[in-house]
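This one's a predicted model, so the numbers in the text were calculated from it and none came from an experiment.
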Amino acid sequence: MISSVLVATGGFFGAISRAAASKKINQYNKRELPLGTLLVNLAGSFLLGILIGININHSLFLLFGTGFLGAFTTFSTFKLENIQLHIKKKWKTFFLYIGLSYSLGILLAFAGLKIGYSL
């Protein structure tokens with residue numbers, strides 16, 4: 001029961017944080033590239049790497065890793081935005097978005113992991 005409460009609490013704040021961050025970023029984004037989703041997903045990858053690297057206890061990981069960062073990042077919005085770019089035949093942006101999301105996401109998760117190990 002406590003595990004579900006930790007995940008739900010983290011998820012509540014993670015979802016609110018993502019909505020606020022994406023809205024603020026997209027306010028200044030005049031490009032086709034969905035910058036709000038890209039940046040929150042990259043930040044989430046980096047932070048999750050740090051959490052795993054520092055090896056926090058299980059309850060804190062449920063709160064911050066599974067709950068907060070699980071809701072802060074968004075795989076479903078990323079997929080939907082890619083489908084929308086595909087439908088509009090925005091090929092350059094489509095491939096750029098996918099390439100940046102996966103390559104930088106993996107690199108930042110790895111960098112976060114290395115930083116977490118060193119803390």
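- In this structure, OG on Ser101 lies 4.5 Å from CG on Leu38, to the nearest 0.5 angstrom.
- Between Thr93 and the options Lys88, Glu32, Glu81, Arg31, a side chain to side chain donor-acceptor pair (under 3.5 Å) holds for only Glu32.
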List the atom pairs, donor and acceptor, that lie under 3.5 Å between side-chain atoms in residues 4-19 and the rest of the protein, sequence neighbours left out.
residue: Thr9; atom: OG1; partner: Val5; partner atom: O; Å: 2.7
residue: Ser17; atom: OG; partner: Phe13; partner atom: O; Å: 2.8
residue: Arg18; atom: NE; partner: Ala71; partner atom: O; Å: 3.0
residue: Arg18; atom: NE; partner: Phe72; partner atom: O; Å: 3.3

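- Expressed to the nearest 0.5 Å, how far OG1 of Thr77 lies from CG of Asn82 amounts to 11.0 Å.
- Criterion: ILVMFWY side-chain heavy atoms under 4.5 Å apart, direct or through other members. Under it, Tyr28 and Leu42 are not part of a common hydrophobic cluster.
- Between Leu113 and Ile50 the shortest side-chain heavy-atom distance does not fall below 4.5 Å.
- One distance of note links CG of Leu48 with CG of Leu108; it measures 12.0 Å at 0.5 Å rounding.
- Note: the hydrophobic cluster containing Leu96 does not contain Leu80 (ILVMFWY, side chain heavy atoms under 4.5 Å, direct or indirect links).
- A 4.5 Å side-chain heavy-atom check between Lys89 and Phe94 finds every atom pair outside the cut-off.
- Between Tyr102 and Phe78 the shortest side-chain heavy-atom distance falls below 4.5 Å.
- Scanning both residues, Thr73 and Val40, for their nearest heavy atoms gives CG2-O, 3.8 Å.
- Applying the side-chain contact (heavy atoms from CB on, under 4.5 Å) test to Ile106 and every residue at least two apart in sequence or in another chain returns nothing.
- Atoms OH and CD, from Tyr97 and Gln84 in turn, are 9.5 Å apart once rounded to the nearest 0.5 Å.
- By the criterion of side-chain heavy atoms lying less than 4.5 angstrom apart, applied directly or through intervening Ile, Leu, Val, Met, Phe, Trp or Tyr residues, Leu100 is not grouped with Phe110; the two fall into different hydrophobic clusters.
- Side-chain contact between Phe68 and Leu63 is absent, with no heavy-atom pair separated by less than 4.5 Å.
- How far OH of Tyr117 is from CD1 of Ile54: 12.0 Å, rounded to the nearest 0.5 Å.
- By the side-chain contact (heavy atoms from CB on, under 4.5 Å) test, Ile83 pairs with Ile87, sequence neighbours left out.
- Side-chain contact between Leu62 and His58 is present, with at least one heavy-atom pair separated by less than 4.5 Å.
- Going from atom CZ of Phe61 over to atom CG of Asn57 covers 11.0 Å, rounded to the nearest 0.5 Å.
- At least one side-chain heavy atom of Ile115 sits less than 4.5 Å from a side-chain heavy atom of Phe46.
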